Amino acid sequence: MSEKRDRADDALRRRGETDGRSAGQIPRPGPRPTRKYVSKSDMVTDELRELITDRQLSPGTPLRQRDLAEQFDVSYTPVREALRRLESEGLVVTDVHRGATVARAESKEMEENYRILAVLEALAGTLAVSKMTEPDLTEIETLCRQVAGCHPDDSRLGELNRQFHFRIYACARSPMLLLLMRLLWRSFPYGPQWGRPHQESVHQHAQLVHALKRRDEEQVAAIIQEHVLGGIKYLPHQGATS
């Protein structure tokens, strides 16, 4: 995998140079845990998704099938499948004339996604309350403290925040609901928490944990909705879309 990643990085740098960008504009991905992939399509999808969500491929970047096939040392078929999957996640857009590019996050679309996510996460939180065990609560509290203990610029913060939320929602025991929420989270290029002050999240997380411990379904749903919808005001150029 490291050899393929090196080839992918080299090809990305070459493409950046031909597009008028310096090689330094696309940073080298950090070390990642070794994964076992079911297929080449899975591998290409995962690698491209990480390059996009880690901001190493900026919005509007062309995703040419020939270049990607060369980068990942695969045929065109896994590349086409990967681009279709990422398009369904909202990370890639395809134009008949221009081909595939990294999606641009429009404020109006992101606001709609926040509103959908608020409904789904509130439902998941409500379902989780009655099914949550004491060990579940212990793990959730631990993750809450880890998020609170991070500096706002800590590179671990985004992943810890995701783990905290999905550890709660996993208690709903609804695979379909989890799938839909994961899909929506991926539609936010930098995560749904992007732009929100860290201390605001920490405060709302603590309120949520307290409501979960009291098994208060109504309060859990209200806190989650307020937390998710609160991200709308931090969208860029929000005033232009209202």
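In this text the structure is predicted, and so the values were computed from the model without any measurement. One-based numbering along the sequence shown.
Distance check, rounded to the nearest 0.5 Å: NE2 of His203 to CG of Leu208 gives 11.5 Å. To the nearest 0.5 Å, the span separating CG on Leu180 from CD on Glu121 amounts to 11.5 Å. Distance OG1/Thr45 to CG/Leu91: 10.5 Å, rounded to 0.5 Å. Here Thr61 contributes atom OG1 and Gln56 contributes atom CD; the two are 11.5 Å apart, rounded to the nearest 0.5 Å.
The neighbour count for Lys131 NZ, taken as heavy atoms of other residues, nucleotides or ligands under 6.0 Å away, is above 12. No more than 12 heavy-atom neighbours from other residues, nucleotides or ligands sit within 6.0 angstrom of CZ on Arg156.
Neither Met176 nor Val119 shares a network with the other; the hydrophobic side chains, linked directly or stepwise wherever heavy atoms of I, L, V, M, F, W or Y lie under 4.5 Å apart, form separate groups for each. In the hydrophobic clustering of ILVMFWY residues, with side-chain heavy atoms under 4.5 Å counting as a link, Leu178 and Val129 come out together. Cluster annotation: Val93 and Val79 are assigned to distinct hydrophobic clusters (Ile/Leu/Val/Met/Phe/Trp/Tyr, side-chain heavy-atom contacts under 4.5 Å, transitive). Taking hydrophobic clusters as Ile, Leu, Val, Met, Phe, Trp and Tyr residues chained together by side-chain heavy-atom distances below 4.5 Å, Ile116 shares a cluster with Phe188. Val228 and Leu183 are assigned to two separate hydrophobic clusters, defined by single-linkage of ILVMFWY side chains at heavy-atom distances under 4.5 Å.
Nearest heavy atom pair, residue Pro59 against residue Ala103, reads CB-O, 3.6 Å. The shortest heavy-atom contact between Ser130 and Glu217 is CB-OE2, 4.3 Å. Pairing each heavy atom of Cys150 with each of Leu160, the nearest pair is SG-CD1, 3.5 Å. Contact detail for Glu111 and Leu235: the closest heavy-atom pair is N-CD1, 3.7 Å. Of all heavy-atom pairs spanning Ala124 and Ala172, the tightest one is O-CB, 3.6 Å. The two residues Ile223 and Ala211 make their nearest non-hydrogen contact at CD1-CB, 3.9 Å.
Side-chain contact annotation: Ser39 with Asp42, donor-acceptor N/O pair under 3.5 Å present. In the model, His165 has a side-chain atom that pairs as donor or acceptor with a side-chain atom of His205 under 3.5 Å. Looking at Gln193 and Tyr234, their side chains never bring a donor and an acceptor atom within 3.5 Å of each other.
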*Could you walk me through whether Leu83 and Leu68 pass side-chain contact (heavy atoms from CB on, under 4.5 Å), step by step?*
CA-CA 10 Å; Leu83 292 176; Leu68 294 172; 4.2 Å; yes
*Decide yes or no on side-chain contact (heavy atoms from CB on, under 4.5 Å) for Glu70 and Arg66, but give the supporting numbers first.*
CA-CA 6 Å; Glu70 178 183 341; Arg66 182 177 61 185; 5.6 Å; no
*With side-chain contact (heavy atoms from CB on, under 4.5 Å) as the test, would you mind laying out the steps for Leu123 and Leu177 before giving the verdict?*
CA-CA 9 Å; Leu123 173 60; Leu177 192 52; 4.2 Å; yes
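A donor-acceptor pair is defined here as one N or O able to donate and one able to accept, closer than 3.5 Å; such a pair exists between the side chain of Tyr114 and the backbone of Pro192. Between the side chain of Thr142 and the backbone N or O of Thr138 there is at least one donor-acceptor pair closer than 3.5 Å. Counting only distance, with no hydrogens or angles, the side chain of His227 and the backbone of Ala222 share no donor-acceptor pair below 3.5 Å. At distances below 3.5 Å, not a single donor-acceptor pair connects side-chain atoms of Arg167 with backbone N or O atoms of Ile140. Not a single donor-acceptor pair under 3.5 Å links the side chain of Arg85 to the backbone N or O of Asp46.
Screening Leu63, Leu48, Val92 for a side-chain contact (heavy atoms from CB on, under 4.5 Å) involving Val102 leaves a single residue, Leu63.
Salt-bridge formation is not detected for the pair Lys233/Glu226: no Lys NZ or Arg NE/NH1/NH2 atom is positioned less than 4.0 Å from an Asp or Glu carboxylate oxygen. Salt bridge Glu81/Lys40: absent, no basic N to carboxylate O contact under 4.0 Å. Under the 4.0 Å criterion applied to side-chain N and carboxylate O atoms, Glu112 and Arg115 are not assigned as salt-bridge partners. Salt bridge status for Asp136 with Lys213: absent, with no side-chain N to carboxylate O gap under 4.0 Å.
In this structure, Phe166 and Trp185 have perpendicular ring planes: the angle between them is above 60°, well past the 30° mark.
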